[in-house]
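Here the structure is laid out as structure tokens; the discussion comes afterwards.
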Amino acid sequence: MKTDVTLKIAGAAGQGIQTIGDLLSEVCHQSGLFTFSVDDFESRVRGGHNFNLLRLSDKELTAPGNRLDLLVCINKNAYELHKDELRSGGIAIINADEPGTKDKTRFEIPLQKLAEEAGGKITANTVAAGAVLAILGAPSSLLADVLEKRFAAKGEKIVALNVAAAKKGFDAAKGLSQDTGFNWEAKKSNNIVLSGAKAAGLGALAADCRFFPFYPMSPATGVVSSVIPYSKKLPVVVEQAEDEISAVMMAIGASFAGVRAMTATSGGGFCLMTEGLGLAGMTETPLVIVNAQRPGPATGLPTRTGQADLLFSVHASQDEFPRFIFAPGTPVETYKTMKRAFHLAEKYQVPVIVLLDQFLANSRVTEINTLSVDPDIERFYEQNNNGSDDAPYLRYAPAQDGISPQRVPCSGPGLVRVTGNEHDPEGHISENAENKIAMTQKRAAKLPAMIKEMEAPFLVNPTAPVYLVGWGSTRGNILEAVERLRAQGMEVGAAVFKDLWPMDRKTIGDMLGDKKLIMVEQNESGQLGRLLSQEAGISASYTISKYDGRPFFPDYIVQKAKELVK
């Protein structure tokens, strides 16, 4: 019996492919199963070729699957495109005008016709979901319960229509089955299904972020749009700015006024934000930016994934100033990283860049729910501003650790001055050479304490002589690849980075210096490998690169690693 099943739902944009995946994921969640759901779609509203890749198991999953047990073809092209991905014994459901071939591996079913019989052609995707669950051995009542909850707000008529459509698909697929061995009884669990984008939004809310200015840009739009439903329940403002420059400047202005704020964008939008990033660096104003990476310069591939903005993020904006760069690897890790980003941005009065990518932002993953909201949130502003207006407030007072007292404007005596120009301790513009040196050194003096805040990379099998090394969303794929390689007799470990900058040279050198490293990165030049060489004097032996806009799969990493290490 199989307890790890992968299925693909494929067709054109506009055919409700993601809805099918969502319905199936929710049924699995109600039964206490784990899922990993990935959407692959083109930058178009209708037509083209899209698919949802859904893996389900009774054990926690860290990566998607790509060897198919079940292929659901919503249009005719899908079968030809994906039939070779089916495992031996896999089943294909093919949409057709009339019922056709029905055997152990191929089943033609008229999804639209059955939807019309149920009462509405629009429910063809619900018919497909019913057919899939019949093959997987799940009772139709589970899907009916999910449909009732999903469409309750639209009224009983819509609920009844979808329940009838699901039953049509369920009945049509009777006789076909995959012996999954899953227990399909409804049960409560401490699991949560979450995307990286939603996790980032929820993490910001948990950090008491109150202001979300943004300009829509895939794949970052979901970060802020996930916050909108909470804007009527919480003291939160979501503002669509006229462009990315305005969005980052709004966030800086709010932060200057003592309100926690963030913005989210992708690579092209982040380019526009770099002057604002420099302003935050010069004025030492806390700022959180989510950069959900996508491949290519200019417009690139808007709906695809990549990891090519790491070095850009390290060096974005002119001159030098400290910043944090984090790259979480899972939705739950993203939630926790966002909370930490706001804390550190305010504590050290620096920008924090959180790197996501399309794969992490859009994938929906079942994880054990370890999310929490802190009862008290530490803030880093002076509360009691004693003195008089005659005594100047030294916003940029010299400090051994580089962190000067920070006040909210109009919160007490003393004028709070800031400027984008170089300035003296009081905040007045200054072109004095000695002052420039002092202020540059003051900002840089934050780095030793910032480095101590950095968490070491996550290690697996630390005694192994060879490590697969990656960062961010490659985490799960690397961990599963290591597990498979070890099962095949290769002594391999892994080091996966979440905290990327500033780099703790000594700690990383001690951890990785005597290992043979295989970098696993979704960019052409091995950008983390270059940082390790530059900062810690560590040279990688090999690089497994992937920069076609599609995510890694464990199979690919295993194959390439075996070719490299013989």
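Keep in mind the model is a prediction, meaning the values are calculated, not measured.
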With Ser225 via side chain to side chain contact (heavy atoms under 4.5 Å, CB included) - residues at least two apart: Ile228
Nearest heavy-atom approach of Pro286 to Gln406 is CD-OE1, 3.3 Å
Please list, chain by chain and in numerical order, all residues satisfying ring-ring contact (aromatic ring centres under 6.0 Å, His included) with Phe324, sequence neighbours excluded. Phe326, Tyr348
What is the minimum heavy-atom distance between Ser372 and Ala206, and which atoms define it? O-CB, 4.4 Å
Test salt bridge (charged side-chain N to carboxylate O under 4.0 Å, His left out) on Glu26 and Arg150 and set out the steps. CA-CA 10 Å; Glu26 185 59 26; Arg150 186 183 184 94; over 6 Å; no
Starting at CG of Leu277, measure out to CG of Asn291 and round the result to the nearest 0.5 Å. 10.5 Å
Scanning both residues in full, the closest heavy-atom pair of Asn523 with Ser545 reads O-OG, 3.3 Å
For Arg530, give me all partners under side chain to side chain contact (heavy atoms under 4.5 Å, CB included), at least two apart in sequence or on another chain. Leu311, Ser525
Is the side chain of Gln293 donor-acceptor paired with the backbone N or O of Leu356 at a distance under 3.5 Å, no angle test? yes
Using modelled atom types only, decide if a donor and an acceptor are shared between the side chain of Ser363 and the backbone of Leu360 within a distance under 3.5 Å. no
Apply salt bridge (Lys or Arg N to Asp or Glu O under 4.0 Å) to Arg260 and list each qualifying residue two or more places apart in sequence or on a separate chain. Glu346
Is it true that the side chains of Ser195 and Asn362 contain a donor and an acceptor less than 3.5 Å apart? no
Say whether Thr285 and Thr283, considering side chains only, have a donor N or O and an acceptor N or O under 3.5 Å apart. yes
Locate the shortest heavy-atom distance separating Gly65 from Leu53; write the atom from each residue and the value. O-CD2, 2.8 Å
Under the criterion salt bridge (charged side-chain N to carboxylate O under 4.0 Å, His left out), I'd like the reasoning laid out for Arg364 against Asp39: C-alpha separation, chi angles, the key distance, then a yes or no. CA-CA 9 Å; Arg364 298 171 300 286; Asp39 292 316; 2.8 Å; yes
Ring-face cation contact, Phe458 with Arg475, 6.0 Å cut, 45° max: yes
So Gln349 and Arg395, side chain to side chain donor-acceptor pair (under 3.5 Å) or not? Walk me through it. CA-CA 12 Å; Gln349 303 169 24; Arg395 170 64 183 92; 3.0 Å; yes
Are Arg340 and Phe342 in a cation-pi setup, meaning NZ or CZ lies under 6.0 angstrom from the ring centre and within 45 degrees of the ring axis? no
Partners passing salt bridge (Lys or Arg N to Asp or Glu O under 4.0 Å) against Asp243 (at least two apart in sequence or in another chain): none
Given salt bridge (charged side-chain N to carboxylate O under 4.0 Å, His left out), test Lys347 with Glu378 step by step and report yes or no. CA-CA 9 Å; Lys347 180 178 180 179; Glu378 186 177 10; over 6 Å; no
Electrostatic pair Asp374:Lys339 at N-O distance under 4.0 angstrom: yes
Nearest-0.5 Å distance that lies between atom OH in Tyr467 and atom CD1 in Ile478: 13.0 Å
Step by step, would you call Glu426 with Arg417 a salt bridge (charged side-chain N to carboxylate O under 4.0 Å, His left out)? CA-CA 7 Å; Glu426 195 174 339; Arg417 293 183 176 89; 2.9 Å; yes
Tell me, yes or no, whether the heavy-atom count around Gln534 atom CD, taken from other residues, nucleotides or ligands under 6.0 Å, exceeds 12. yes
Would you check if there is a donor-acceptor pair between the side chains of Lys336 and Thr370 at a distance under 3.5 Å? yes
Is a salt bridge present between Arg443 and Glu422, judged by a nitrogen-to-oxygen distance below 4.0 Å? yes
Step by step, would you call Phe552 with Phe359 a ring-ring contact (aromatic ring centres under 6.0 Å, His included)? CA-CA 9 Å; Phe552 274 115; Phe359 173 67; 9.4 Å; no
Any donor-acceptor pair under 3.5 Å from Thr474 side chain to Gly470 backbone: no
Quick one: which residue pairs count as a ring pair (Phe, Tyr, Trp, His ring centres under 6.0 Å) with a foot in residues 212-245, not counting sequence neighbours? none
Partner residues of Tyr396 under the ring-ring contact (aromatic ring centres under 6.0 Å, His included) criterion, sequence neighbours left out: His423
Tyr547, OH: over 12 other non-hydrogen atoms inside 6.0 angstrom: no
Strictly by salt bridge (Lys or Arg N to Asp or Glu O under 4.0 Å), give each pair with a member in residues 201-227 just once, sequence neighbours left out. Asp208-Arg210
Check whether the side chains of Lys442 and Ser404 place a donor and an acceptor atom closer than 3.5 Å, and report yes or no. yes
Take a 6.0 Å sphere around CD of Gln318 and say whether it holds more than 12 heavy atoms from other residues, nucleotides or ligands. no
Do NZ/NE/NH1/NH2 and the carboxylate oxygens of Glu455 and Lys498 come within less than 4.0 Å? yes
Mind running side chain to side chain donor-acceptor pair (under 3.5 Å) on Thr35 and Thr366 for me, showing each step along the way? CA-CA 5 Å; Thr35 62; Thr366 306; 2.9 Å; yes
One should read off an interatomic distance between Glu480 CD and Leu61 CG, to the nearest 0.5 angstrom, of 7.5 Å
Which residues share a salt bridge (Lys or Arg N to Asp or Glu O under 4.0 Å) with Asp504, sequence neighbours left out: none
Report yes or no: do Asp357 and Ser473 form a side-chain donor-acceptor pair below 3.5 Å? yes
Side chain to side chain contact (heavy atoms under 4.5 Å, CB included) involving Ala456 - partner list, sequence neighbours excluded: Thr507, Met511
Nearest-0.5 Å distance, CD1 of residue Ile403 to CD of residue Glu284: 9.0 Å
Determine whether a donor-acceptor pair (N or O, by modelled atom type, separation under 3.5 Å) exists between the side chain of Asp499 and the backbone of Pro457. no
Can you pull out every salt bridge (Lys or Arg N to Asp or Glu O under 4.0 Å) where at least one residue sits in residues 295-307? Sequence neighbours excluded, please. Asp40-Arg304
May I ask you to decide if the ring planes of His343 and Phe380 are parallel, tilted or perpendicular, using 30° and 60° as cut-offs? perpendicular
Looking only at atom types and distance, does a side-chain atom of Arg294 sit under 3.5 Å from a main-chain N or O of Thr299, one as donor and one as acceptor? yes
Under the salt bridge (Lys or Arg N to Asp or Glu O under 4.0 Å) test, which residues partner Glu521, sequence neighbours left out? none
CG (Leu287) and CZ (Phe256) are apart, to the nearest 0.5 Å, by 14.5 Å
Give a yes or no on this: more than 12 heavy atoms of other residues, nucleotides or ligands lie within 6.0 Å of atom CD of Glu242. yes
Could you state the interatomic distance from OG1 (Thr274) to CD1 (Ile289), rounded to the nearest 0.5 Å? 9.0 Å
Mind listing the closest non-hydrogen atom pair of Ser533 and Ser539 along with its distance? OG-OG, 4.4 Å
